[in-house]
Peer 1: 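Attaching a single structure in structure tokens format; questions to follow.
In what follows, every heavy atom counts, from backbone to side chain, and hydrogens, waters and symmetry copies are set aside. Here is how names work: the chains are called A, B, and so on, in the same order as the sequence lines, proteins then strands, and each is numbered from 1.
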There are 2 protein chains.
Amino acid sequence: MASMSDVARRAGVSIATVSRVLNNNGKVRESTRILILKAIKELKYQPSRVAKRLRSKSVSGNLLGVLIPDIKNPFYVEVLEGIEEVAYRNNYALIMCNFGQDDQKERLYLEILQSEGIDGLIAAPAHENDLQLKKMVKEGLPVVCVDRGLKDTDVDVVLVDNVRGAFQAVEHLILAGYRRIAYISGLSTIPSSLLRERGYREALAKYGVPCDPVLVRRGDSKHQSGIQLCGELLDLPDPPDALFAGNNLITLGALEEIHRRGLKIPKDIAIVGFDDMYWSSSLNPPLTAVRQPAGEIGRRAGELLIQRINDPKRTSVQMMLNAELIRRKST
Amino acid sequence: MASMSDVARRAGVSIATVSRVLNNNGKVRESTRILILKAIKELKYQPSRVAKRLRSKSVSGNLLGVLIPDIKNPFYVEVLEGIEEVAYRNNYALIMCNFGQDDQKERLYLEILQSEGIDGLIAAPAHENDLQLKKMVKEGLPVVCVDRGLKDTDVDVVLVDNVRGAFQAVEHLILAGYRRIAYISGLSTIPSSLLRERGYREALAKYGVPCDPVLVRRGDSKHQSGIQLCGELLDLPDPPDALFAGNNLITLGALEEIHRRGLKIPKDIAIVGFDDMYWSSSLNPPLTAVRQPAGEIGRRAGELLIQRINDPKRTSVQMMLNAELIRRKST
DNA sequence: CAATGCAATGTAAACGTTTTCATTTAGAAA
DNA sequence: TTTCTAAATGAAAACGTTTACATTGCATTG
């Protein structure tokens with residue numbers, strides 16, 4: 001691949017001048033600019049992002065990190081898509097790190113990202129108290145959190161009002177006449193699990209529906225946990241008549257288990273999920289769900305990150321988007 | 001961040017020696033190795049992948065590119081997941097490029113990847129005749145193609161037997177008694193679309209079922225095209241009694257349209273999709289589908305790529321995995 | 001015409017590694 | 001002790017940029 005000095009030689013100038021026309025800074029005579037542009041075209045020269053990144057902390061290396069807990073989860077895929085959209089528009093490349101809710105993997109990925117000299121990071125940290133990530137924020141790496149915040153740390157975060165979303169879901173169930181409403185929670189180290197549980201409890205409380213502790217189950221946020229915990233609930237002597245599932249993987253798992261047992265939804269048991277998918281209406285039955293604007297979360301996060309890269313001392317913002325209940329046929 | 005010279009200074013040696021212990025090459029006395037290791041630990045030193053990549057074409061920079069057409073498509077997400085798994089295991093980071101079946105975006109992404117100095121690339125090219133990608137292969141970049149090959153080019157590729165998969169699907173429909181079988185194809189610039197159509201035709205031919213040209217529709221592989229083209233088919237004076245959908249997005253779209261019209265599956269119309277998802281059994285009705293081992297495709301591709309990086313002149317392989325028909329309730 | 005100042009360009013260092021080649025060191029053999 | 005050899009280490013260049021600083025050229029001014 002041609003390098004800057006090749007261009008310089010061919011245009012009969014020094015690399016400094018070439019650099020100047022590439023970055024549009026410094027004065028350069030129009031005639032030599034043309035010469036250089038011509039050489040660039042002829043040699044199909046492309047600047048090396050690697051060299052650029054190595055050399056200059058001051059200028060952006062156009063590389064972002066994305067750290068997500070589970071790419072199997074359609075929610076994060078949609079977030080990722082949103083991020084990618086704005087990253088690409090701003091000429092940033094993306095290093096994708098899928099840590100699968102594995103602490104060690106997360107640590108290693110963070111090290112890699114640091115070592116890659118990324119300009120900024122969008123992360124859904126393993127938990128609120130992620131020391132390593134906090135440290136990176138402290139050290140000045142531009143970071144924005146999605147879906148999950150970072151305790152006691154001044155960092156941009158964009159997420160959804162989990163309490164309110166869950167509240168709406170459960171309120172909807174109550175108003176529809178259900179009384180034994182179960183909650184299958186994701187990992188309780190994840191803030192959103194707790195917040196959703198809070199919404200669940202608040203709704204029950206508001207309508208004076210007793211909260212039977214046996215009806216809230218906690219798993220690891222994965223598909224299998226939905227199957228397992230839904231099964232446990234259905235095996236109860238006094239099983240629930242409705243189910244609030246803590247995320248989409250859990251919902252899908254629960255759905256699978258309910259179908260396996262030949263139960264009818266919503267006659268035998270109703271279900272409302274947290275997280276909507278574009279194909280939720282094709283499920284059996286069409287799923288009532290709390291919709292997070294995942295794509296928008298990703299886009300907003302991307303925009304905030306790029307803003308912060310360009311203005312590192314901008315005051316941090318917490319952007320809370322609205323979750324919306326989509327009523328379909330499962331309740 | 002501490003650099004190698006910091007370590008060297010603290011250990012009282014030169015950077016060359018530090019480099020030697022880091023890469024385990026060259027002789028270094030045990031006592032100084034220990035000294036250096038100690039300094040590394042104390043300074044929390046981490047080598048810069050950027051510098052490493054810049055300096056040395058000979059040693060791997062531990063960076064891979066992934067170029068996929070559509071991250072909305074669960075198939076590619078699963079492939080991506082497989083790739084990520086083996087990449088991580090081998091200490092490679094991943095630059096994810098989602099080109100959305102947009103030629104210009106693909107071109108730009110390829111340029112970025114080149115400029116990032118990736119060690120290798122896994123790609124599902126926009127079409128068989130992707131000149132830019134071909135050129136990169138020719139120039140020696142290790143590449144493995146997934147899902148789609150590259151014409152007249154000596155490159156590793158891992159994919160599924162599309163003809164056979166489609167054949168099985170359509171044969172299954174025929175044996176179940178359906179006769180007016182429609183095919184909704186994806187983009188016809190994509191080899192797999194054509195191959196699946198071939199399987200479709202071969203099955204019809206084998207059983208002497210006439211092939212009504214009005215029953216094959218071609219779209220852009222996206223969700224919306226499934227809705228649209230399924231609608232057109234259903235509006236036909238003599239509509240199909242069964243549908244073979246060219247990929248999962250199309251399937252989901254078709255499903256949506258069928259439900260919107262209040263038609264019953266499979267009574268009014270049967271449907272079999274190409275691509276299975278782990279939640280296909282939760283669809284309404286549980287979907288009969290041709291399952292591609294997407295995760296395995298990704299893992300294999302990752303392994304092949306790393307092999308090739310380590311042995312660039314290894315002869316190229318074409319790995320064809322089996323697609324399997326999963327019978328559920330939609331047929 | 002000399003002095004001045006600014007526009008245009010060049011030189012060289014720096015970023016953090018790897019790697020070649022040269023040099024020092026240590027231990028063995030004589 | 002001297003000499004030799006292999007082992008251990010170091011010096012410096014190179015990768016492809018950006019950038020601070022130096023230099024050149026040229027027009028303007030007095």
Peer 1: Under 3.5 Å, is there a donor-acceptor pair linking the side chains of B:D154 and B:S316?
Peer 2: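 Yes.
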Peer 1: Heavy-atom contacts under 4.0 Å between residues 26-33 of chain B and DNA chain D, which residues?
Peer 2: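 Nucleic-acid contacts, sorted: B:K27, B:V28, B:R29, B:T32.
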Peer 1: Along nucleotides 11-19 of chain D, 5' to 3', which nucleotides get a B, which get an S, and which get a -, given that the test is a protein heavy-atom distance under 4.0 Å?
Peer 2: B-BBBBBBB
Peer 1: Classify the nucleic acid contact of A:G117 as base, sugar-phosphate or nothing, counting any heavy atom under 4.0 Å across all strands shown.
Peer 2: nothing
Peer 1: Keeping B:T153 on the side-chain end and B:V155 on the backbone end, is there a donor-acceptor pair under 3.5 Å?
Peer 2: no
Peer 1: Please report the closest heavy-atom contact between A:K72 and A:L249, naming both atoms and the distance.
Peer 2: O-CD1, 4.0 Å
Peer 1: Do NZ/NE/NH1/NH2 and the carboxylate oxygens of B:E303 and B:R299 come within less than 4.0 Å?
Peer 2: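 The answer is no: the pair does not qualify as a salt bridge.
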Peer 1: Under 3.5 Å, is there a donor-acceptor pair between the A:K134 and A:N129 side chains?
Peer 2: yes
Peer 1: Can you find a side-chain donor-acceptor pair between B:Y76 and B:N98 that sits under 3.5 Å?
Peer 2: no
Peer 1: Need one value for B:V50: base, sugar-phosphate or nothing, where a base atom within 4.0 Å counts as base even if backbone is also close, heavy atoms only.
Peer 2: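 The answer is nothing, as B:V50 stays clear of every strand by at least 4.0 Å.
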Peer 1: Using a strict cut-off of less than 4.0 Å between a Lys/Arg side-chain nitrogen and an Asp/Glu carboxylate oxygen, indicate whether A:E128 and A:R148 qualify as a salt bridge.
Peer 2: no
Peer 1: Mind calculating the distance between CG (B:N24) and C1' (C:dT17) to the nearest angstrom?
Peer 2: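 So the two atoms are 17 Å apart, to the nearest Å.
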Peer 1: Is the B:Y109 to A:Y88 ring centre distance short of 6.0 Å?
Peer 2: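 Here the rings of A:Y88 and B:Y109 have centres that are less than 6.0 Å from each other.
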